[in-house]
Each structure stands twice: as C-alpha cells, then as structure tokens.
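Structure first, commentary second.
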Amino acid sequence: MLNIATHMDFEGQGRAEKLSRIIITLFGTVGLVWGYIIQQFSQTVYILIAGVLLASILTIPPWPIYRKKPLNWQKPRPEPQTTQSSSDETKKKKKN
C-alpha cells in the first residue's frame with residue numbers, strides 16, 4: 001500500500017496560507033494594471049484565475065515543505081483496570 005502524506009503541520013498551514021495570499025494579491029494587482037492598460041476587464045479576470053490556480057497547486061497538496069515540523073504526540077495513558085469485585089462492593093455500600 002502507498003504511504004501518501006495527507007496532512008500539514010501547523011507552521012506549514014501558516015506558510016501555505018501566506019503564500020496563497022501573496023500569489024493571489026500579486027496576480028490580482030498585475031491583472032488589474034494590465035487590464036486597465038489594455039482596457040479589457042476580461043484579461044484581469046483571466047490573470048486572477050491563473051493566480052488562483054497557481055496558488056491552489058502550490059498550497060493545497062501537502063508538499064514536503066509544509067511538513068517540516070510535525071507534532072510529537074504524547075503516548076496514550078493506559079486505562080485503569082476495574083475489577084468486578086470492586087464494583088460489587090460499591091453497590092453494596094450504596095444500598096446500606
């Protein structure tokens with residue numbers, strides 16, 4: 001079976017969000033300026049869509065750059081073993 005990573009660490013999520021905002025803002029600004037220069041709003045939209053697609057490709061998959069600092073989880077504590085006799089004794093005490 002393939003071992004495909006499906007998660008990012010918290011710092012990787014922050015990096016991905018920051019990168020996507022930078023890419024979309026940059027493409028939006030360039031698209032707006034270019035669309036204004038050539039007087040075609042459709043070009044602005046196309047450039048913005050290209051930026052969203054690029055940002056999606058770079059930030060949605062959990063690339064190794066987003067998995068550099070994984071969390072070290074604590075080991076689970078063993079559950080306390082309760083015996084039948086101790087539960088019988090507490091029932092008897094409650095009746096009296």
Shortest non-hydrogen separation from Phe10 to Leu71 and the atoms involved: CE1-CD1, 3.3 Å

Rounded distance [0.5 Å steps], CD in Glu11 versus NZ in Lys69: 4.0 Å

Check: Arg67 side chain, Thr6 main-chain N or O, donor-acceptor pair, under 3.5 Å: no

Point-to-point distance, once rounded to the nearest 0.5 Å, from CG of Leu48 to OG1 of Thr25: 9.5 Å

Sequence-distant partners of Lys75, side-chain hydrogen bond (donor to acceptor under 3.5 Å, both in side chains), two or more places apart: none

In residues 51-59, what donor-acceptor pairs under 3.5 Å come from side-chain atoms, sequence neighbours left out?
{"residue": "Ser56", "atom": "OG", "partner": "Val52", "partner atom": "O", "Å": "2.8"}
{"residue": "Thr59", "atom": "OG1", "partner": "Ala55", "partner atom": "O", "Å": "2.5"}

Common cluster, Phe27/Ile38, ILVMFWY with side-chain heavy-atom separation under 4.5 Å: yes

Any donor-acceptor N/O pair, Gln39 side chain to Tyr36 backbone, under 3.5 Å: yes

Spatial distance of atom CE (Met8) from atom CD1 (Ile65) [nearest 0.5 Å]: 10.5 Å

Reported NE2-to-OH distance for the pair His7 and Tyr66, which is rounded to 0.5 angstrom: 14.5 Å

Nearest-0.5 Å distance that lies between atom NZ in Lys68 and atom CG in Asp9: 10.0 Å

Sequence-distant partners of Ile37, side chain to side chain contact (heavy atoms under 4.5 Å, CB included), two or more places apart: Val33

